[in-house]
Amino acid sequence: MKMKLEKHTNKKKQLKQAIAFNLFRLMSFGVVAVLAIILLFIIVRGASAINWTFLTAMPEEGMTKGGIFPAIIGTFYLIGGSMLFACPIGVLSAIYIHEYTKAGFIKRFIKLMTNNLAGIPSIVFGLFGMTLFVNTLGFGDSILAGSLTLGLLSLPVVIRTTEEALKSVDDSFRIGSYALGATKLQTIRKVILPIAFPNIITGLILSIGRVSGETAPILFTVAAYFLPKLPTSIFDQTMALPYHLYVISTSGTNVEASRPMAYGTALVLIAIVLIVNLLANGLRRYFGNKVKMN
Amino acid sequence: MKKFFKNFLEKFIEGILFLSSSVTTLTVLLIVIFLFREGLDVFKQSPVEEGFAIVINKNNPVKEITSPQLKNIFDQNITNWKALEGKPVNEYESKDSIILFRIDNISTYFIDAQLGDSLQYVGKCISSLVDSLPGIIAFIPDKYVDKNFAGRKLNMGKITPSQFISGKEWFPTAQPAAQMGVLPLILGTLWVSLGAILIALPLGLATAIYMAEIASDKVRRILKPLIELLAGIPSVVYGFFGLIVIVPMIQKVFNLPVGETGLAGSIVLGIMALPTIITISEDAIRTTPREMKEASLALGANKWQTIHRIILPYSISGITAAAILGIGRAIGETMAVLMVTGNAAVIPHSILEPVRTIPATIAAELGEAPQGGLHFKALFALGCILFIFTMTINLLVEYISSRNKYSKR
């Protein structure tokens, strides 16, 4: 009797487990399916819009014809500009946080502020960029103002990924270097950075993905609605892919007629993100194997 | 000498590193300063458009009036002074009704000849009109109110913070007085974000548990980059997808006049919050000590019982942090919401109505608001509210995760 009861509860137990696990598996695949649907939808619809002229021509006729060349170039300028600002400052400050500060108030304070900065909504960065860079410093709506705003936005990401990279360098390397009489700076430059380098690069590449798709911070700092020419200086306005997609899918001159253009633009944006992610993952795998061998 | 130089270099570089690390702190401080400097100005200004004045008959005892009252008067929801003041302005009830006057209606009272060839007598005409009608309230340009003016300028109360927060109407460009009530926007933001978390939390938690405890290493190695990719898709692409796929779907399924609803916003935001929730709760689940899991298994519990009774209770604070952070992401999200929620600034009664969130309002209206004007400043005040929301959420997460750390050691 007792055996039977035990068997019964055991069976019930296993049944519950089977139900729960299958449910979780189903939900996880549901999440992946959502991703697949979004990607496939944009790739399939967008592929027919993409051709050489689309990528290299100026927009025409209220953006219902022609291409998105200035938007692509604008986005690359913004990526370049923001990374030029965020990479050095981000990497340097991560080095300071991880290598110089000891556990204590200063470290916690800097980390807290970095986390806070990461949590600030992108539209607030837009407001801030507009008051500080566009108005107070007088850059006007320009690539410079937009890049700086985007740079500040991506700073926490750069810091965090660099810190992770530095964390993964084993302490024995540091101790070994000091034991050989090297100073702190020498240790960082000759020992730690070379080992952490691949992971740092991966982090930087991932933050490029983030910058390329941000729309809210550039709305009021750089983005031009329709500007069929390339920017000539850092004080020029420019078109940018995410803003372009927003405009032609919601408030363009003829929303229906510019649908194919919108699909095409979305695909180019997705392509940039995909390439960046693949690159980062590839690097991670490639260097991951290498670093372990040391 | 060489050693000195070397030491100097070390210190110098350390200084540069320190400066770099202070950039984030500096930025947060600057954001606070700039945001609040502009935003708090809202409470120093009168809601009447600059260059205009509200005037009444000089015998009218009304002293001050709020901007919602003024709007009700001009919308003819309040039609007599008694309703406003508690007692009639005139002893005759018939004369107590409010007579509206805008500068545009001047031709109904005066002919062109009275106004003068170059409109030089307009001021005098208005003055005499205001003097003759006890129940009048006039919305006229400032320049006509001079020394000889027979009427009395009515003071408009400044917008108070409580009015700003609890006001139910958002018409920042309304005439004669801007209506700056952000309650519908705050409620819209919270509704959409809560809806998003209701969708994202079960899905995200299930995925996190699956990835951390159930899936094989191989499946995990495929899932992880896919989740990262989901996080990498730009918000404007999510918005575009929502606009083209989810919005028409909702319109069809619920048979609505428009598909741009709070529900559409919640679904899109839910998808966008997934990666945050998955990554953070997976990390939390992984911190469960192996001994605890093994002890549970050794006592005869199966895997599901271990997850359900040991791992989830152990990692609950991390999961809470993930949920809160997910809400934070949803509250601050701009573009996707702007594209799919329909942006009607009214207090939502169901999730199948258009709503408008704080970030979407800023993004949609800042371009049109004249710089330095009341509307412009009100949008910065919205930015302040958003900043306070997200800052609170960040500090809450920080508190939860730090408390977690101490209790476990």
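Here is the naming used below: chain letters follow the sequence lines, and residue numbers restart at 1 for every chain. Heavy-atom basis, side chains included; hydrogens, waters and symmetry copies ignored. What you see is a predicted model, and the numbers here were worked out from it, not measured in a lab.
- A distance below 6.0 Å separates the ring centres of Y263(A) and F240(B).
- When the options I159(A), I110(A), T101(A), I95(A) are evaluated for a side-chain contact (heavy atoms from CB on, under 4.5 Å) with S21(B), the one that passes is I110(A).
- Without hydrogens or angle criteria, N302(B) side chain to K13(A) main chain gives a donor-acceptor distance under 3.5 Å.
- Each of L26(B), V23(B), I31(B) was checked for a side-chain contact (heavy atoms from CB on, under 4.5 Å) with L117(A), and the lone residue meeting it is I31(B).
- Between chain B and the residues N277(A), L269(A), I38(A), T114(A), the most heavy-atom pairs under 4.5 angstrom are made by I38(A).
- Residue L229(B) holds its CG atom at 5.5 Å from CG of L39(A), rounded to the nearest 0.5 Å.
- With rounding to the nearest 0.5 angstrom, the CE atom of M130(A) is 12.5 Å from the CZ atom of F34(B).
- Two residues are said to be in side-chain contact when any heavy atoms from C-beta on lie closer than 4.5 Å; S249(A) and M339(B) meet this criterion.
- Ring centers of F41(A) and F241(B): under 6.0 Å apart, within the cut-off.
- Of the listed residues (F220(A), Y100(A), F29(A)), the one with the most heavy-atom contacts under 4.5 Å to chain B is F220(A).
- Atoms OG and CZ, on S22(B) and F109(A) in that order, are 10.5 Å from each other to the nearest 0.5 Å.
- Here the straight-line distance linking atom CG of N281(A) with atom CD of E228(B) works out to 6.0 Å at 0.5 Å rounding.
- Without hydrogens or angle criteria, Q17(A) side chain to K303(B) main chain gives a donor-acceptor distance under 3.5 Å.
- Heavy-atom neighbours of chain B within the stretch residues 209-218 of chain A, taken at a separation under 4.5 angstrom, comprise G213(A), T215(A), A216(A).
- Proximity of V124(A) to L35(B): side-chain heavy atoms (C-beta onward) are separated by under 4.5 Å at one or more points.
- When atom types are taken as modelled, the side chain of E398(B) and the backbone of L112(A) share no donor-acceptor pair closer than 3.5 angstrom.
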